[in-house]
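Beneath this line is the structure, given in structure tokens, with notes to follow.
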Amino acid sequence: MTVVIGFEGSANKIGVGIIRDGEVLSNPRRTYITPPGQGFLPSDTARHHRGVILTVLKEALEEAGIKPDDIDCVAYTKGPGMGAPLVTVALVARTVAQLWAKPLLGVNHCIGHIEMGRLITQANNPTVLYVSGGNTQVIAYSERRYRIFGETIDIAVGNCLDRFARVIKISNDPSPGYNIEQMAKRGKQYVELPYTVKGMDVSFSGILSYIEVTFTSKMLTSDQCTAEDLCFSLQETLFSMLVEITERAMAHCGSQEVLIVGGVGCNIRLQEMMGVMCKERGAKLFATDERFCIDNGAMIAQAGWEMFRSGQVTELSDSWITQRYRTDEVEVTWRD
Amino acid sequence: MAVDGRSVATQQFLKKTDQIKQGAEARVYRGIFLGKPTIFKERFPKLYRHPLLDEKLTHRRTVQEVRSLLRCRKAGISVPAVYFVDHSCHCIFLEDIVGSITVREYIASTQLTPQKNQEESLDQLAKKIGLVLAKMHEEDVVHGDLTTSNMLLKAGVETGEADLFLIDFGLSYISALPEDKGVDMYVLEKAFLSTHPNTEALFDKLLKAYASSYRKSHGVINKLNEVRLRGRKRSMVG
């Protein structure tokens with residue numbers, strides 16, 4: 001039996017999860033929430049994480065009924081992410097690894113999402129759509145790497161949603177994306193927005209600029225459409241682009257499985273649209289709920305578990321963090 | 001009288017075809033049209049998309065594909081001939097490039113069976129792709145979906161040397177902007193390197209050939225480098 005504890009804190013979530021041979025023993029987390037119209041700054045986010053991380057760690061150990069002696073390895077998010085929050089988490093992971101005399105493992109955040117998704121859904125070899133506040137990628141496994149077939153060429157889809165929420169002053173509690181999703185359900189009118197797909201890549205910055213310039217100044221003020229209509233139209237447009245590039249990657253790779261991971265992957269409308277596409281192709285859709293879609297410690301523990309079992313460890317001298325860490329930089333030693 | 005939005009001619013033709021592929025854009029069939037081997041590309045409604053968005057995209061992409069194919073053909077770039085367009089069902093009848101294989105298949109098979117002149121033949125191919133793309137961009141055609149699956153190789157009748165055909169212009173458009181051409185090359189680079197791992201040197205040769213034969217390539221290469229580093233592209237912050 002191999003038990004791994006994972007620390008995640010690359011953005012505004014701080015989580016500690018414990019995995020034992022594919023079983024999630026505990027997975028508590030906290031979210032740093034800012035007032036409407038504001039994003040989260042790295043220094044403030046790090047301060048929040050520092051304030052709660054030991055409480056979350058204690059919760060994780062108690063909920064799992066595990067003592068430090070039972071743990072085989074300490075995994076933490078090495079990157080990508082925001083510098084200051086990553087440093088906070090790495091510092092705690094390093095400290096407990098030394099206190100408990102356990103090996104340390106730096107994990108790629110994106111690969112954490114993928115491995116957690118594969119564990120929970122039992123997807124075999126899916127085309128992965130990874131959508132979050134900081135990342136938008138279409139990924140498929142090939143020759144010991146998670147290859148990026150498509151991605152955003154500017155901002156991530158979650159970032160686009162978050163910034164849109166700021167523009168029209170939608171609450172950040174529990175998250176901007178969730179609130180947009182609820183408002184979109186009340187939207188009736190489809191408003192045409194820029195649609196930018198480049199092969200298997202997408203671009204979202206144009207939509208955002210268009211909304212900032214056109215809609216806030218003209219449409220909302222002149223009653224041409226409601227905020228709900230805008231939320232609805234934005235979701236329909238963004239998600240159509242995502243489903244399209246996923247389908248293009250599936251056709252390219254000859255894949256019959258799709259796995260959606262990342263915070264935006266919780267969105268029911270995105271899952272619905274992807275489901276329709278998969279049905280049309282005779283393919284299978286796999287998705288997880290908010291426990292595992294949204295950044296969490298268990299996903300880092302699971303990726304760490306896979307890495308540790310394949311003989312990987314991170315030396316203390318190499319236990320730095322990086323904001324820049326491509327998914328395809330990691331050699332996947334635990335898969336054929 | 002049209003059934004399911006298809007004209008009678010299209011219906012008749014479809015009865016004698018075999019579906020060979022369902023891409024992200026369309027269903028692709030193979031058959032004979034007016035005595036010629038034909039590829040039939042049908043853009044069907046995408047039910048996951050909002051109907052207004054779907055209709056707009058489908059119409060625009062059908063028109064753009066035909067427009068770009070004709071423009072390339074006029075410029076002497078090897079692309080399939082357009083035989084017929086049925087706008088009622090967004091269908092295009094195209095020349096079937098009989099006896100061709102995709103560049104993707106060619107690279108994969110060449111890498112699998114190492115021969116004495118393997119490197120040389122792949123270098124020649126990279127050069128050829130670079131030259132064809134330079135010519136296409138010279139005509140201000142941006143392909144929009146450059147992958148090695150969207151390039152065909154067919155042995156030339158006279159020379160015996162392979163001709164390179166570009167296909168699948170559904171995401172194409174006309175633009176003179178270096179930014180758009182740079183993104184076009186970026187899309188190819190990523191598709192190239194993810195589909196054919198460890199071929200960085202090959203792609204560099206492709207770029208060199210492109211740069212040497214396209215006089216405005218400097219701006220495009222600069223934009224390509226910019227796109228490589230832009231925003232979340234390399235840093236993936238967050």
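Within every chain, numbering begins at 1; the chains are lettered A, B, ... in the order of the sequence lines, protein sequences first and strands thereafter.
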What part of [X] lies closer than 4.5 angstrom to a heavy atom of chain A: side chain, backbone, both or neither?
{"X": "B:L171", "answer": "side chain"}
{"X": "B:L188", "answer": "neither"}
{"X": "B:Y173", "answer": "side chain"}
{"X": "B:D180", "answer": "side chain"}

Within-4.5 Å side-chain heavy-atom neighbours: [X] and [Y]:
{"X": "A:H252", "Y": "B:T195", "value": "yes"}
{"X": "A:E247", "Y": "B:Q22", "value": "yes"}
{"X": "A:M200", "Y": "B:T147", "value": "yes"}

Query raised in the report: How long is the span from the CZ atom in B:R60 to the OH atom in A:Y195, to the nearest 0.5 Å?
Result: 9.0 Å
Query raised in the report: If you round to the nearest 0.5 Å, how far is CZ of B:R49 from OG1 of A:T237?
Result: 11.0 Å
For the residue pair [X] and [Y], what are the closest heavy atoms and their distance?
{"X": "B:K190", "Y": "A:D201", "answer": "NZ-OD1, 2.6 Å"}
{"X": "A:V197", "Y": "B:R61", "answer": "CB-NH2, 4.3 Å"}
{"X": "B:S194", "Y": "A:F149", "answer": "OG-CD2, 3.4 Å"}
{"X": "A:E236", "Y": "B:L53", "answer": "O-CD2, 4.3 Å"}
{"X": "A:R269", "Y": "B:Y48", "answer": "NH2-O, 3.6 Å"}
{"X": "A:K198", "Y": "B:V187", "answer": "O-CG2, 3.4 Å"}

Report task. Fit a plane to each ring of B:H50 and A:Y190, take the angle between them on a 0 to 90° scale, and name the class: parallel (under 30°), tilted (30 to 60°) or perpendicular (over 60°). Result -> parallel
Would you say that more than 12 heavy atoms from the other residues, nucleotides or ligands in this model lie under 6.0 Å from the [atom1] of [X], or not?
{"X": "A:K279", "atom1": "NZ", "result": "no"}
{"X": "B:K56", "atom1": "NZ", "result": "yes"}
{"X": "A:R281", "atom1": "CZ", "result": "yes"}

Report task. Give the member of B:S149, B:A191, B:G170, B:G23 that has the highest number of heavy-atom pairs under 4.5 Å with chain A. Result -> B:G23
Query raised in the report: Using non-hydrogen atoms only, which part of A:Y146 is less than 4.5 Å away from chain B: side chain, backbone, both, or neither?
Result: neither
